[in-house]
Amino acid sequence: MITLQDKNILVTGASSGIGRQIAITASELGAKLTIIGRNIQKLEETLALLAGDGHKIYVIDLSDAANLTSLISESTAYDGVVFNAGVVEYLPVKFLNENKINSVFATNFDSNVVLSQKLMKNKLLKKGGSLVFVSSISSKLGVPGTAMYTASKAALSAFSKVLASELASQGIRCNSVSPGIIKTAMTEQAAHVVSDEELKKAEAEYPLGYGQPEDVAGLIMYLLSDISKWMTGSDLVIDGGFTLK
Ligand SMILES: NC(=O)c1ccc[n+]([C@@H]2O[C@H](COP(=O)([O-])OP(=O)(O)OC[C@H]3O[C@@H](n4cnc5c(N)ncnc54)[C@H](OP(=O)(O)O)[C@@H]3O)[C@@H](O)[C@H]2O)c1
């Protein structure tokens, strides 16, 4: 039986999509949540959907490390952290500029490095704790127009492995998950750059169709729980069979 009873769990990017579902499911399994996002209204909507009480919200733009001060000073040690916040940018390499490169990496990679480091330095990770980094199946592919997103997620999966080896002696586990396409606000952005016909063709490549946020949340509950106590340094693909071919 998976339970997160009384575990103190931090989830970034919990104001929508996969992060919102992770927070909801974790609360239903008994966890106390601290949730982060930029949009206060959407974050409060998530808070209202959580089971139980005692949850906290922080409105933080994670792309600037200076914004983490109050979270770090007010937190008590976490049993689990889900590094889920992310942005996508569709642009062929030819059209990239320094600003685009830096902005995608600032949220998808740098912020996760800095947050995990601050949690470690301030002793905010409990022994037996579990860190989960939300990467992407893109990190293993070469989809045109996704260079910065893909590179930032590949960097994140690699970072998770190194951190796993550095934290194993403290009994803290680190794993990443690499989802295929999940229907969220992020995938709606793709509708602006590809036709309906192409989107339908892309979904047909998924033997089980596109995923839903609860599919990823379920896997992450396993990684946050003590049932996965021997799992560390792994990158788990969850893609409805997309990479079978
Ligand atoms: N959907 C997919 O097909 C898919 C597939 C593989 C991996 N992923 C990954 O899954 C994660 C969640 O994506 P999603 O599909 O659920 O997208 P989403 O609905 O757009 O959610 C993204 C979340 O990240 C937050 N966020 C973005 N930039 C932030 C920043 N600078 N500071 C704080 N929060 C920030 C957003 O907060 P606000 O809304 O408050 O700004 C939102 O809560 C991402 O890391 C994404 O790369 C998604």
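Every number for a ligand or one of its atoms is a count from 1 in the order of the listing.
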Taking NZ, NE, NH1 and NH2 as the nitrogens, is one of them in D226 or K7 under 4.0 Å from a carboxylate oxygen of the other? yes

Is it true that the side chains of E198 and S195 contain a donor and an acceptor less than 3.5 Å apart? yes

Considering only heavy atoms, which protein residues lie less than 4.0 Å from any atom of ligand 1? G13, A14, S15, S16, G17, I18, G37, R38, N39, K42, I60, D61, L62, S63, N84, A85, G86, V87, T107, V134, S135, S136, Y149, K153, P179, G180, I181, I182, T184, A185, M186, T187

Geometric class of the F133/F83 ring pair [parallel <30°, tilted 30-60°, perpendicular >60°]: parallel

Partner residues of N97 under the side chain to side chain contact (heavy atoms under 4.5 Å, CB included) criterion, sequence neighbours left out: N99, K100

I'd like to know whether E45 forms a salt bridge (charged side-chain N to carboxylate O under 4.0 Å, His left out) with R20, so could you lay out the CA-CA distance, the side-chain angles of the two residues, the decisive distance to 0.1 Å, and finally the verdict. CA-CA 9 Å; E45 281 168 22; R20 171 176 283 177; 3.2 Å; yes

Establish whether L115 and L167 are linked, either directly or via other cluster members, by ILVMFWY side-chain heavy-atom contacts under 4.5 Å. yes

